[in-house]
Amino acid sequence: MTRAEAQDKLKKYGQEHVLKYFDELAEDEQRSLLTQIEETDLSVLSHISEAGKGGERGEFSPLAAMQLSEIEKRKTEFHDAGVAAIREGKTAARLLAGGMGTRLGSDNPKGMYNIGETKEVFIFQRIIENLLDVVNETDTWIRLFVMTSEKNHDATVKFLEEKDYFGYKKECVTFFKQSMAPACDYEGKLYMESKGRISTSPNGNAGWYSSMAAVGLDKVLQDEGIEWIDVFAVDNVLQRICDPCFVGATVLAGVSVGAKVVKKAARDEKVGVICLEDGRPSIVEYYELSDEMMDAKDEAGEPAYNYGVILNYLFHVPELAAVTDDRMPLHVVEKKIPYIDQDANLIKPSEPNGYKFEQLVLDMIHQLDTCLPYEVVREHEFAPIKNPTGIDSVESARELCKKNGIQL
């Protein structure tokens with residue numbers, strides 16, 4: 001893209017300020033900015049009027065989960081089916097690792113955060129060690145796709161290489177970058193994170209498949225006969241990945257996607273709940289749950305909307321081609337966005353100051369026909385790290401790790 005072409009595009013969206021410092025930049029910085037302008041979808045800025053809106057939702061109804069009691073009864077059946085799928089090379093893992101450790105007080109990728117107390121134990125390490133459990137159990141290396149972002153890609157790759165992938169087979173790890181979306185102030189003006197960079201962020205956890213396809217990895221899945229891909233987030237240090245029972249139960253159920261869920265800790269716990277929406281699998285956010293829904297009971301007298309998702313999904317790969325970005329809603333989310341002010345000073349706000357644009361994996365779920373909610377034990381598989389202290393924090397994750405015999 002030439003400077004003139006960039007000016008034309010920016011003028012169309014009222015963003016001419018992006019080139020304010022262009023003449024001060026080095027030649028390679030100029031090329032980088034022009035490329036970013038060319039690749040950035042500025043049409044999302046027209047959606048800022050939708051900020052805070054979740055879009056029109058359909059009619060919710062309960063979706064029964066496969067509970068621990070049934071899983072225990074069929075454990076051998078599920079385990080054997082899952083091991084077979086893994087050994088046949090039909091299962092892969094997909095790590096969502098595009099985020100930074102900003103909320104934890106770190107400028108590094110979130111997976112590099114050290115949760116150890118007497119020794120180093122990194123978030124990436126915990127995840128890989130969990131996957132290695134299955135590799136060792138099945139005597140089969142599982143393809144691991146790691147989705148980074150333009151902000152943390154180089155640091156992530158360098159870190160894992162330096163750590164020798166924490167014992168994982170290097171040839172089985174593939175990195176790729178997630179597509180990015182611009183960030184703007186409340187009036188829709190793009191923020192600049194430096195004189196030569198538009199402020200951007202990953203375009204939401206639903207971008208994982210389109211981002212894979214953009215670099216040809218969808219063809220790799222097809223060529224290698226991978227039929228199931230376990231998609232999970234970086235922040236849950238206890239989650240079991242591609243565990244045979246979950247894989248087997250999902251395969252035998254013949255569904256489009258399996259979703260690990262935990263029984264809610266409280267009636268109004270702030271977790272998304274697996275359900276049906278207009279007869280299709282979906283997730284209702286905690287703030288969308290009415291009192292009537294929270295009080296509803298199933299046939300056994302238990303809460304009907306009782307299982308929260310933990311962002312660990314096993315997708316049936318052949319059905320993903322029908323899940324397209326343009327069919328999913330765009331979420332406009334208020335965030336804290338670092339930016340340079342009119343004097344080019346970097347500002348790191350302590351309060352939200354603008355919008356980011358995301359597409360969410362819950363919307364992918366709703367595009368599929370069938371879903372198996374699969375219950376897991378919260379204390380064994382759910383230790384998310386979102387905050388330094390308090391609920392879902394480094395502190396709480398450390399305690400749960402210790403309860404599961406993990407030395408920190």
Side-chain angles (χ1 to χ4, degrees), residues 6-22 24-25 32-57 96 98-107 110 149-152 178-207 270 272 283-288 325-326 328-363 386-388:
Q7 286 175 323
D8 288 342
K9 179 176 180 178
L10 293 170
K11 184 176 181 180
K12 177 182 176 182
Y13 293 98
Q15 306 294 335
E16 293 94 330
H17 66 283
V18 169
L19 294 176
K20 177 179 178 180
Y21 298 103
F22 190 82
E24 298 180 20
L25 303 175
S32 178
L33 178 56
L34 292 176
T35 298
Q36 188 186 30
I37 294 169
E38 182 178 19
E39 294 178 349
T40 301
D41 180 10
L42 300 183
S43 67
V44 298
L45 298 172
S46 65
H47 292 267
I48 63 169
S49 61
E50 301 168 20
K53 300 177 182 177
E56 292 297 323
R57 301 300 301 263
L96 302 165
M100 303 296 287
T102 308
R103 289 174 66 179
L104 305 179
S106 169
D107 292 327
K110 192 168 188 178
S149 66
E150 66 175 24
K151 292 180 181 294
N152 75 4
Q178 182 175 11
S179 301
M180 304 293 283
C184 67
D185 65 17
Y186 293 122
E187 283 69 49
K189 182 179 179 180
L190 288 176
Y191 277 122
M192 298 295 290
E193 63 181 42
S194 69
K195 290 181 178 181
R197 294 293 296 173
I198 300 170
S199 181
T200 60
S201 64
N203 65 347
N205 53 28
K270 294 181 178 181
I283 294 165
V284 56
E285 298 287 7
Y286 69 90
Y287 52 80
E288 297 176 305
D325 285 346
D326 58 1
M328 290 191 291
L330 186 68
H331 298 262
V332 184
V333 187
E334 194 176 19
K335 295 281 189 176
K336 293 183 288 187
I337 306 164
Y339 67 99
I340 58 170
D341 63 16
Q342 60 183 4
D343 298 316
N345 298 310
L346 181 62
I347 307 297
K348 293 186 177 181
S350 58
E351 300 293 335
N353 63 323
Y355 298 125
K356 293 183 179 181
F357 303 87
E358 302 175 344
Q359 290 182 317
L360 303 180
V361 72
L362 62 90
D363 296 312
K386 300 183 183 300
N387 309 296

Spell out, as yes or no, whether a donor-acceptor pair under 3.5 Å connects the side chain of [X] to the backbone of [Y].
{"X": "Lys9", "Y": "Glu38", "result": "yes"}
{"X": "Gln178", "Y": "Gly98", "result": "no"}
{"X": "Glu288", "Y": "Glu285", "result": "yes"}
{"X": "Lys20", "Y": "Gln342", "result": "yes"}
{"X": "Lys110", "Y": "Arg103", "result": "no"}
{"X": "Glu358", "Y": "Val333", "result": "no"}

So do [Y] and [X] actually touch side chain to side chain, heavy atoms under 4.5 Å?
{"X": "Pro182", "Y": "Tyr191", "answer": "no"}
{"X": "Asn353", "Y": "Ile347", "answer": "no"}
{"X": "Ser32", "Y": "Thr35", "answer": "no"}
{"X": "Leu33", "Y": "Arg197", "answer": "no"}
{"X": "Pro352", "Y": "Lys335", "answer": "no"}
{"X": "Leu190", "Y": "His17", "answer": "yes"}
{"X": "Lys336", "Y": "Pro349", "answer": "yes"}
{"X": "Thr102", "Y": "Lys348", "answer": "no"}

Compare every heavy atom of [Y] with every heavy atom of [X], then report the nearest pair and how far apart it is.
{"X": "Glu193", "Y": "Lys151", "answer": "OE1-NZ, 2.8 Å"}
{"X": "Phe357", "Y": "Ala181", "answer": "O-CB, 3.6 Å"}
{"X": "Ala183", "Y": "Lys356", "answer": "CB-CG, 4.2 Å"}
{"X": "Ile48", "Y": "Val332", "answer": "CA-CG1, 4.2 Å"}
{"X": "Asp341", "Y": "Tyr21", "answer": "O-OH, 4.4 Å"}
{"X": "Ile337", "Y": "Gly354", "answer": "CD1-C, 3.6 Å"}

When rounded to the nearest 0.5 angstrom, what distance separates [atom1] in [X] from [atom2] in [Y]?
{"X": "Leu330", "Y": "Asp41", "atom1": "CG", "atom2": "CG", "result": "9.0 Å"}
{"X": "Glu39", "Y": "Thr200", "atom1": "CD", "atom2": "OG1", "result": "10.5 Å"}
{"X": "Ile37", "Y": "Gln15", "atom1": "CD1", "atom2": "CD", "result": "10.5 Å"}

Do Tyr339 and Asp185 have side-chain atoms, one donor and one acceptor, less than 3.5 Å apart?
no
Apply side-chain contact (heavy atoms from CB on, under 4.5 Å) to residues Val18 and Met192 and explain how you reach the verdict.
CA-CA 7 Å; Val18 169; Met192 298 295 290; 4.0 Å; yes
Could you please spell out the steps behind the side-chain contact (heavy atoms from CB on, under 4.5 Å) verdict for Leu42 and Lys12?
CA-CA 9 Å; Leu42 300 183; Lys12 177 182 176 182; over 6 Å; no
Can you confirm whether Asn345 is buried at CG, in the sense that more than 12 heavy atoms of other residues, nucleotides or ligands lie under 6.0 Å from that atom?
yes
